[in-house]
Amino acid sequence: MSIVAGCDVGSLTTKAVIINNRRIVAAAIIRSGPRPVQSANEVMEKVCSEAGILQKGIDFCIGTGYGRESIEFVDEAVSEISCHAKGAQWLVPSARTIVDIGGQDCKVIRIDKEGNVQKFVTNDKCASGTGRFLDVMANVMNITTSELGKLSTKSTSPIAFASVCTVWAQADIIKHINARCRPEDICAGINAAMANRVSMLANTMKIEDDICITGGGAKNDGVVNALGGILGRRIKRINRVDPQLAGAIGAALLASQRTRNGSNR
Amino acid sequence: MKTAFYDAATNIDLDSVRAWKEKGGKVVGYTCSFLPTEVFYAADILPIRLRGVGADSMEIGDAYYGPFACTFPKAVLQLAGSEKYRFLDGVVISNGCDSMRRLDECWRKMSEDISDTLPSFFHYFDVPHKPEGYAVIWYMDQVKKLMDSVEKHFGRSISDENLKTAIRKQNQVRKSLWELERLRAFDPAKISGTEAFASIVASTVMPRDTYAELLLQCIDTVNQKKDNPLGGRKRIFLGGSVCDAVELVALIEKAGAVVVGENVCFGPRNENDLVDEDANPIEALTRTYLSGSACPRMFGWYKARLHTITERIKALKVDGVILQNIRFCDMHGTENGLLERDLEKIGIPSIRIEREYGPLTETGRLKMRVNAFVEQLESKSNHHEAMP
Amino acid sequence: MRPELLEYNLDWLFAATFNIAKKTENATEKELARLLQFAPYDSGLLTPLLGLGKPAITFIDLFGEYYSNIVNAKRDGKKVVMTTFCFDPSIFYAVNNLVPVTLEIGTALTSMLWKRGSYDFMDFCTEVGFSETGCSSQRGAMGAYLAGAGAKIDLVALNMGGVCDTNANAYSFAAQYLNVPYYGLDYPSQLTTEEVRRYHYKDYRELIQFIETHTGCKFDIDRLRELLEEKKIQDALLDEIEEMQRLVPNPVPGLYHILIYASRYIYSGRKKYTKMLREMVEIIRKNAAEGRSGLNSGVEKCRAFLIYIDNYSLNVGMWDWFDQNGIAHMGNILSRTFSEKAPYTTGIPGTTYEINTRDFESMIDSLADINARMPMTRTIRGPYDAPNMWLEDTLSLAGIYNADCCIYNGTPGCRNTWSNVKLITRDLEKYGYPTHLVYADSFDGRVESWDTTVMRLDEFFRIRGLL
Amino acid sequence: MITAGCDIGSRTAKAVILEDDDILTYAVIPARLDPRKSAEDVMKIATEQAGISMDSIRQIVGTGYGQKEIQYAGRLESEIVCHAKGAWWNQPSARMVIDIGGQDSKVIKMDETGKVIRYSYNDKCAAGTGRFLEIMADALGVPLEEMGEKASASNERISISSQCVIFAETEVVSLVNEGKEIHDILNALHRAMANRVASQARSLVVEEDVILTGGVAKNSGIFDALSEGIRIRIKPLEHIDPQINGALGAALIAKEIDRS
Ligand SMILES: Nc1ncnc2c1ncn2[C@@H]1O[C@H](COP(=O)(O)OP(=O)(O)O)[C@@H](O)[C@H]1O
Ligand SMILES: Nc1ncnc2c1ncn2[C@@H]1O[C@H](COP(=O)(O)OP(=O)(O)O)[C@@H](O)[C@H]1O
Ligand code: SF4
Ligand code: SF4
Ligand code: SF4
């Protein structure tokens, strides 16, 4: 029996998970600072103390996320794609398609029943269609991203957005605010725009049920519902744990595989 | 000599070219692989492929091009405008694609604002968009026109003999390049993609004879090599838009793969690209250069292209294909969509990547995708082992 | 794409809409309002159209017929050929079992007529692998046909090689995706030389062969002659309209232009088109006689020439705005025919076409010449500043119309113009024409919001002292 | 005679009060969500500073992104015209004005009478506006005011490729990770931003004198970067805050209206 960890240094948040024989014993999410190294160390201390162990007590640790290469303490670095696939598949065994809405990109991943990646696509064009898009918009509306999700569910007539560009959409929003539009309708409009972008991405490859959504974006009901609507499919949610942790969990799971395959440092 | 190639592939100010100039030699830049470079060698002029290497800002390119155009010609214009192409005695622009052919107008306009940026020899080479029918006659006529204006402007005469010699020597280079391809076809590959691709790109900017020699040496040394560090790596094929970015190939190989072939407008495209040395040279050149499947600008010839690419992919024992396209390059962007579909049909995992031309700076997202793709390929093979 | 969208057939929706609208010819306001409720998803194109009276009814009738033909193609044992707007369709009507589908027209209609615009279809193209940055003019309708929400396509034939990559590229993609035969005419970058002409003729004859092979039927010479003779009449009418455009105030209603070119691209050589043109000429003559402007307001404050295409992204928003501000719409390059007698032709040999119906060969030559001299194939094939190309054409047109300003409106997908529009703007300014660049997308309202477009337009006209 | 100009921008609201040809006072405040409120507040502050009442102002001209919401404006005028007017009044030798604001950047060419000949806005993308620098300053944790000097302390030339504001941000983060110096990154950012504006100016064909206005003109780093980008030394406005140039122009126009 071995203690393994996964550390996911994202563009906006840094997450860490410690797993002890297939049970999550500690998990943490913090905001990423400008220097991933610091964020990684910080979050690791956090989970270790939560699990009541020392960092060197961890047998194998896999780093992932945007800053994976600059983490010092990891034994191996693996891409977010593989990690989210593993994590999601473990959380929702029936999942074959995974939508991960992160801070700086959005990924759609098709996996087999072992959680191996079969195909994936990522948004690489324009910031619209990323979590950042939602944050910027929420910011303009003086609300938090989580409120953005909740509000939009109350909307009756979502407004349509012209500009696809994050930065220009802001101007649009301000126009609508001045035009005294109901905030929930603006929020719904924002989420719809987002969901549209994501669905396009998803539709560029054959999506198979069940679809499950991970990453911070998964906490935004507005987007999740809109996406389900556009794709015409139900989207399975992760409720066992915070979906934002999926990447870190996947990393930890891969770590435990490594220890089993006996590959060690 | 690897470094000589690498240097050539990543700079435009080359010793070999400077040496050529110092001997009083002339240099002409061209934009598209549909141009028969033999014509220039026959006139003892050095043809070099125009590129935008090292253009780290676009204030000139963007001043003439609109915002919705490919960054490759923009980068070329940027360099021309910042006098990096001062050493050119001439330029030949062809209608490879709309963004590229407009380089003609943009360059001329730019030279009104920035003095001495327009070479005195400025020729437009009009390539038809189909490889057969009257297009063949049209192309031959274009070659003749090109020869005439070269002869007039540079006061040289291009005899059939000169042409045939040029053809013969260029064929030698082509043969060596295929030799190189065969080295990459070995499993494990005998030469890294970074090295190989650098030498391929170099072939379009270095004086031919110097290059031919270096290439042969390179092939020799590779053949001598006993140890092979490239074993067990996933074999990647790189396709899509014009690409001269050795760093991109390097980035892919850093992810633990090996790049064994490209179809990115630099380097050989299909085995039978040798020019007939006995036939009438102009006809022979036309047959080779206009040959069907070269690139998506030949609308309606996708199937032929798919065939040649698939053949190469099989010969090179490719595990996965990375299809890149420069933003706003619709022809390759679209073709990549079709290729991805059809390659996956025959079980070759493929991924599409959109990028900007120019220095690879923000590599975070690119790395993530490339790593993930390589991991995907690896997990596949584990997978097969797992269930016999 | 939203699954539910596949439940509607695009061609049928058009056919239904227009066939209903047609019935309003002599309906009262109230009846009309009532009837229009049955026009599915109309977002406000029909009402302004019907405001134009007789010619518009014929236009609607013509389009109703056109789309009905497409809907019934299979039933009537006809094949459907997908083609582009700058391709003269009369050749298709010269074989008895072929119906053309013109994507750009479909996209424009979808954007102008549908409440939900053509976004879903555009996005569908991206989803199946077509470049997202490609021109929107094809993507709108193409999506529907690729998705199976339109007629089944049997072959693809067009003439954009050498003129516009994104266009030719879109059609070759469609052909590949649908796995149907493709033929594209190819055009060199010049227009007038002998070799070029030979290329046109040779290439066009291969197209003829292509059509015969894939429709399995021969061209009906008499029918072809009939179409071309009719086309002569149409050209004459068009020339007259152009001629009258020169009057101050301009007696031609701005919206006529879209009627003129849209119908021409789908019905050139057919009687209904002639009928519409006649009805227009009648009204225009009357306006001219009474010195009345074609604007609803009646007062012409300024004359604007669109050097490329119009904006269809919000119903007829652009025409409305022009109308409200007393700006006469002098048409765009799409409203041009380069027939030999057209008022603005430069007289340089080879720049125009002549219709010769002596025998089959001469008719084919004429068609080859016509196709090589459609608005785009003629004007933007070569360097914009080369003889008889974009700059010269624009200057001659703006000149004879004595336009006060020029406006570029296109799509970000258009490499061809966006790669030199800054240059032509610069030149036009030098020649004294205030010139405005619209950054919006003619077909895709999401690229720039209509408010922004209007705000910029308004600013341009005020700052440059045009209003 | 007293006239005023009010410029409701996307990021800030400005007001200038003129007495004949002298600036009585001016105010710059951060824009409120509701432009109407911005207009009221900024004018209130300005009039208080000047110690005058609203109705003692003969004519008020409104301009800027939120101009339509300015209740008390006697007339509205486009930013283009206002910036041209203001800059030309301050520097009669000006033939080209580059205004870089929060939401957009404009290049304006004018004749020797200050009349606008040609102008252009930043191409589609938001890189090349003040917003770009703001987001970056935020990402780097550097106060906006200090960006300029910090950037000029640079000694290593690095380049930022990303055209996208949002992605440029992640690019910056990765540069920080590579251990690049903050001032070098800042310098690169300034050049990236300046080059987008430079291309805009170049498409209109640059003509001297070139004047830089708008809030971004307070950023010394931009002057060097932009001058490098157009290969011509750019001049600042003399003795006035460049951010108020639009409002100043509006006030001057107000004066003219009243004359005629
Ligand atoms: N409570 C929440 N409600 C809605 N959205 C959220 C919430 N928390 C985070 N998000 C979204 O998740 C994004 C960050 O997701 P994350 O997976 O942490 O990105 P990364 O892995 O790149 O750091 C934010 O941009 C935000 O839009
Ligand atoms: N002290 C300063 N130093 C550097 N930049 C500044 C300073 N003050 C404002 N800015 C820049 O000016 C921009 C706002 O300029 P402004 O002309 O007020 O925009 P707008 O007119 O659109 O409101 C901000 O985005 C910021 O980048
Ligand atoms: S990709 Fe095709 S068009 Fe582009 S340069 Fe290469 S050959 Fe020419
Ligand atoms: S990459 Fe594509 S768009 Fe760019 S020049 Fe080459 S063919 Fe043209
Ligand atoms: S359009 Fe906006 S979001 Fe898109 S790339 Fe540009 S700045 Fe970024």
* To do: Under 4.5 Å heavy-atom distance to chain B, tell me which part of C:V196 shows up: side chain, backbone, both or neither.
  => both
* Is there a side chain to side chain contact (heavy atoms under 4.5 Å, CB included) between C:Y439 and B:F68 once you walk through the steps? -> CA-CA 10 Å; C:Y439 278 84; B:F68 316 111; 4.2 Å; yes
* Structure fact -> Per-residue tally against chain B (heavy atom, under 4.5 Å) across C:D165, C:V156, C:V163, C:T166 peaks at C:D165
* In terms of heavy-atom proximity below 4.5 Å to chain B, should C:Y177 be classed as side chain, backbone, both, or neither? -> both
* Any side-chain donor-acceptor pair under 3.5 Å between C:E104 and C:N167? -> yes
* In terms of heavy-atom proximity below 4.5 Å to chain C, should B:R297 be classed as side chain, backbone, both, or neither? -> neither
* To do: Please look at C:A175 and chain B and tell me whether the side chain, the backbone, both or neither of the residue comes under 4.5 angstrom of a heavy atom of that chain.
  => neither
* Are the aromatic ring centres of B:Y289 and B:F34 under 6.0 angstrom apart? -> no
* For the residue pair C:Y408 and C:W418, is the inter-centroid distance of their aromatic rings smaller than 6.0 Å? -> yes
* Find the one option among B:N336, B:D104, B:T334 whose heavy-atom pairs under 4.5 Å with chain C are most numerous. => B:T334
* Asked: Mind checking whether C:Y204 and C:H200 have ring centres under 6.0 Å apart?
  -> no
* Which bit of C:D203 is near chain B, if near means a heavy-atom gap under 4.5 Å: side chain, backbone, both or neither? -> side chain
* Quick one: which of B:G133, B:G300, B:A69 has the most heavy-atom pairs under 4.5 Å with chain C, could you say? => B:G300
* **Which portion of C:E195 sits near chain B, non-hydrogen atoms under 4.5 angstrom** => both
* Asked: Are B:H129 and C:Y187 close enough that their ring centres sit under 6.0 Å apart?
  -> no
* Does any donor atom in the side chain of B:N95 or B:D126 lie under 3.5 Å from an acceptor atom in the other side chain? -> yes
* **Salt bridge flag under 4.0 Å for residues C:D427 and B:K109** => yes
* To do: Please check if the side chain of B:Q78 supplies one atom and the backbone of B:E59 the other of a donor-acceptor pair under 3.5 Å.
  => yes
* Asked: Under 4.5 Å, heavy atom to heavy atom, which residues of residues 135-149 of chain B contact chain C?
  -> B:A135, B:W138, B:D141, B:K145
* Once the angle between the rings of C:F210 and C:H214 is folded into 0 to 90°, is it parallel (under 30°), tilted (30 to 60°) or perpendicular (over 60°)? -> tilted
